[in-house]
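Comments concern the structure below.
Here, residue 1 is the first one in the sequence, and each next residue gets the next number.
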Amino acid sequence: MTKGEIVAGFIAPHPPHLVYGENPPQNEPRSKGGWEQLRWGYEKVRERIEELKPDVLLVHSPHWITQLGHHFLGVEHLQGKSIDPIFPNLFRYSYDLHVDVELAEAAHANAREMGLVAKMMRNPKYRVDYGTITSLHLARPQWDIPIVGLSANNSPYYLTTEEGFAEMDVLGKATRKAIEDLGRRAVLLCSATMSHRHFQEEPEIPEDMSCEHPYSMEMYQWDMKLIEMMRRGEMKKVHELLPQFVEIAFAEFKAGSFTWMFSAMNYPELPGELLAFGNVIGTGNAIFEWDLTKHGLATPADKWRSPRKSAGVPAFASSAANPPLFSGAGPAIGATAR
């Protein structure tokens, strides 16, 4: 079997406002647009994923919180409605997704062998969290690529941040081994914001962009500090600074998605490409890409021989229809108030 590869990793923040601003048919509330800079950044993510042609998208979300152990979605087909508990006025999304259960089971087994507490989620009626759904929709709205969803174990919160990150490092290694052993061509999504201090009240019109700005100058400066380091490829310094960053900026990276992704990619000391940055209710949201194929660390799509395709399993359902995120600022049809 061809050895599997991680071909790219993305920081893919999950504010439900971005889905709300797009007005996709799966989401009930209607908007007048908004947060266009971030939504245009996600258009670039969609283009890159189309070019990379992965077999699977793996997502680590801070909003699937598990107190005991690291959990993996383990049901092949999940369908339902995901509702943001804080912004139900913005996000009531009907999803229909397929899970690469074989890969999830392999990563789960590896995690246990490496000393982590891990569990498969087998409930066929499980409601998938909005962080997972939002990042996946914004990255690939066709929903035609199987996914693997990983939970955010609370270890960075009830242990020290460093101890929690050490668990995420092991989880990344377990994930990488499963991808390699099963011959998957994989893209990783770190579903997280950077600075996460946010305003307590939203404007009367949530998509009123005149109200959007950083929570504070300090939060903005910390976001820019790390972004500049990531753009220069100073990733070792980023990881050294990460515990301090998450404590000062209340960064969502504390939940472990960022460390998991970089551990799985074997900590490449490479510059990332900033696709967009913007604020949502004061939080700092960066959309970043690390394309390992461009640096010779993974196989380009046109040279990849998929063992799944050779075995008659669709490896990638390429679609000519890659819908743009910007839908225009039309009238708010059926908008609901909180």
Side-chain angles (χ1 to χ4, degrees), residues 1 3-7 9 11 55-75 99-123 126 128-129 131-132 146-184 186-192 235-236 238-247 251-269 290 292 297-298:
M1 178 180 286
K3 185 178 180 180
E5 294 180 338
I6 295 168
V7 295
I11 299 177
D55 298 320
V56 61
L57 303 175
L58 292 93
V59 188
H60 187 285
S61 168
H63 292 288
W64 180 15
I65 300 172
T66 51
Q67 295 290 345
L68 181 61
H70 306 269
H71 294 214
F72 298 80
L73 293 179
V75 179
V99 177
D100 186 339
V101 176
E102 183 184 26
L103 179 59
E105 289 175 338
H108 163 263
N110 291 341
R112 291 175 65 90
E113 289 176 6
M114 294 178 184
L116 296 180
V117 176
K119 186 176 179 63
M120 293 298 298
M121 195 296 298
R122 302 293 192 185
N123 180 1
Y126 177 73
V128 182
D129 72 283
T132 295
I147 69 104
V148 170
L150 294 84
S151 76
N153 175 249
N154 251 2
S155 54
Y157 292 89
Y158 60 76
L159 302 174
T160 67
T161 301
E162 290 81 359
E163 287 174 311
F165 284 173
E167 285 210 12
M168 301 305 165
D169 171 80
V170 175
L171 186 66
K173 291 179 170 62
T175 302
R176 181 185 184 90
K177 185 177 187 302
I179 290 167
E180 292 178 344
D181 289 349
L182 292 183
R184 299 296 196 265
V187 163
L188 309 183
L189 302 178
C190 159
S191 177
M235 299 311 301
K236 183 178 180 181
V238 169
H239 290 288
E240 290 173 351
L241 193 62
L242 208 56
Q244 184 181 5
F245 172 60
V246 300
E247 293 302 323
E252 220 170 18
F253 285 3
K254 183 168 184 173
S257 303
F258 185 76
T259 303
W260 160 79
M261 181 175 76
F262 264 85
S263 171
M265 294 194 298
N266 203 24
Y267 295 103
E269 192 75 358
W290 283 266
L292 303 185
L297 298 179

(message) I'd like to know if the side chain of Asp169 reaches the main chain of Phe165, judged simply by a donor and an acceptor atom lying under 3.5 Å from each other, with no hydrogens or angles considered.
(response) no
(message) Salt bridge or not between Glu162 and Lys254? Use side-chain N to carboxylate O under 4.0 Å.
(response) no
(message) Testing the basics here: between Leu103 and Val148, what is the closest heavy-atom pair and its distance to 0.1 Å?
(response) CD2-CG2, 3.9 Å
(request) For Arg112 and Ala118, indicate whether the former's side chain and the latter's backbone hold a donor-acceptor pair under 3.5 Å. (result) yes
(message) In this structure, is the centre-to-centre distance between the rings of Phe72 and Trp64 below 6.0 Å?
(response) no
(request) Please tell me if the side chains of Glu180 and Glu5 come closer than 4.5 Å, counting only heavy atoms from C-beta onward. (result) no
(message) Between Ser61 and Ser191, do the side chains contain a donor N or O and an acceptor N or O under 3.5 Å apart?
(response) no
(request) Could you grab the distance from atom CD1 of Ile179 to atom CE of Met265, nearest 0.5 Å is fine? (result) 11.0 Å
(request) Answer yes or no: is there a donor N or O on one side and an acceptor on the other, between the side chain of Glu105 and the main chain of Glu102, under 3.5 Å? (result) no
(message) Could you check whether Thr175 and Trp260, counting side-chain N and O atoms only, form a donor-acceptor pair closer than 3.5 Å?
(response) yes
(message) Do Glu247 and Thr161 make a side-chain contact, defined as non-hydrogen atoms from C-beta onward lying under 4.5 Å apart?
(response) yes
(message) Does either side chain, that of Ser151 or that of His71, offer a donor lying less than 3.5 Å from an acceptor on the other one?
(response) no
(message) Just so I know, are the side chains of Leu58 and Val187 near enough to count as touching, which here means a heavy-atom distance under 4.5 Å?
(response) no
(request) Starting at CG of Asn266, measure out to CD1 of Ile6 and round the result to the nearest 0.5 Å. (result) 9.0 Å
(request) Can you see which heavy atom on Pro146 is nearest to which on Asp55, and at what distance? (result) CD-O, 3.4 Å
(message) To check you understand the geometry: which heavy-atom pair defines the closest contact between Ala264 and Leu188, and what is its length?
(response) CB-CD1, 3.6 Å
(request) Return the minimal non-hydrogen interatomic distance between Asn153 and Gln67, and the atom names on each side. (result) ND2-O, 3.5 Å
(request) Answer whether the closest heavy-atom distance between the side chains of Leu73 and Ile147 falls below 4.5 Å. (result) yes
(request) Would you indicate whether the side-chain heavy atoms of His60 and Met168 approach each other to under 4.5 Å? (result) yes
(message) Show the nearest heavy-atom pair for residues Ile65 and Asn154, with the distance to one decimal.
(response) CG2-OD1, 3.6 Å
(message) If I compare all heavy atoms of Glu167 with all of Leu159, which pair ends up nearest, and what's the gap?
(response) OE2-CD1, 4.4 Å
(message) If you take the centroid of each ring, where Trp contributes its six-membered ring, are Phe258 and His239 closer together than 6.0 Å?
(response) yes
(request) Please confirm whether the backbone N or O of Ala174 pairs with a side-chain atom of Arg176, one donor and one acceptor, at under 3.5 Å? (result) no
(message) When you compare the side chain of Pro268 with that of Phe262, does any pair of heavy atoms fall below 4.5 Å?
(response) yes
(request) Would you check if Trp290 and Met235 make a side-chain contact, meaning some heavy-atom pair closer than 4.5 Å? (result) yes
(request) State, yes or no, whether a side-chain contact exists between Arg122 and Val101 at a heavy-atom distance under 4.5 Å. (result) yes
(request) Look at Glu113 together with Lys177 and state whether they make a salt bridge at an N to O cut-off of under 4.0 Å. (result) no
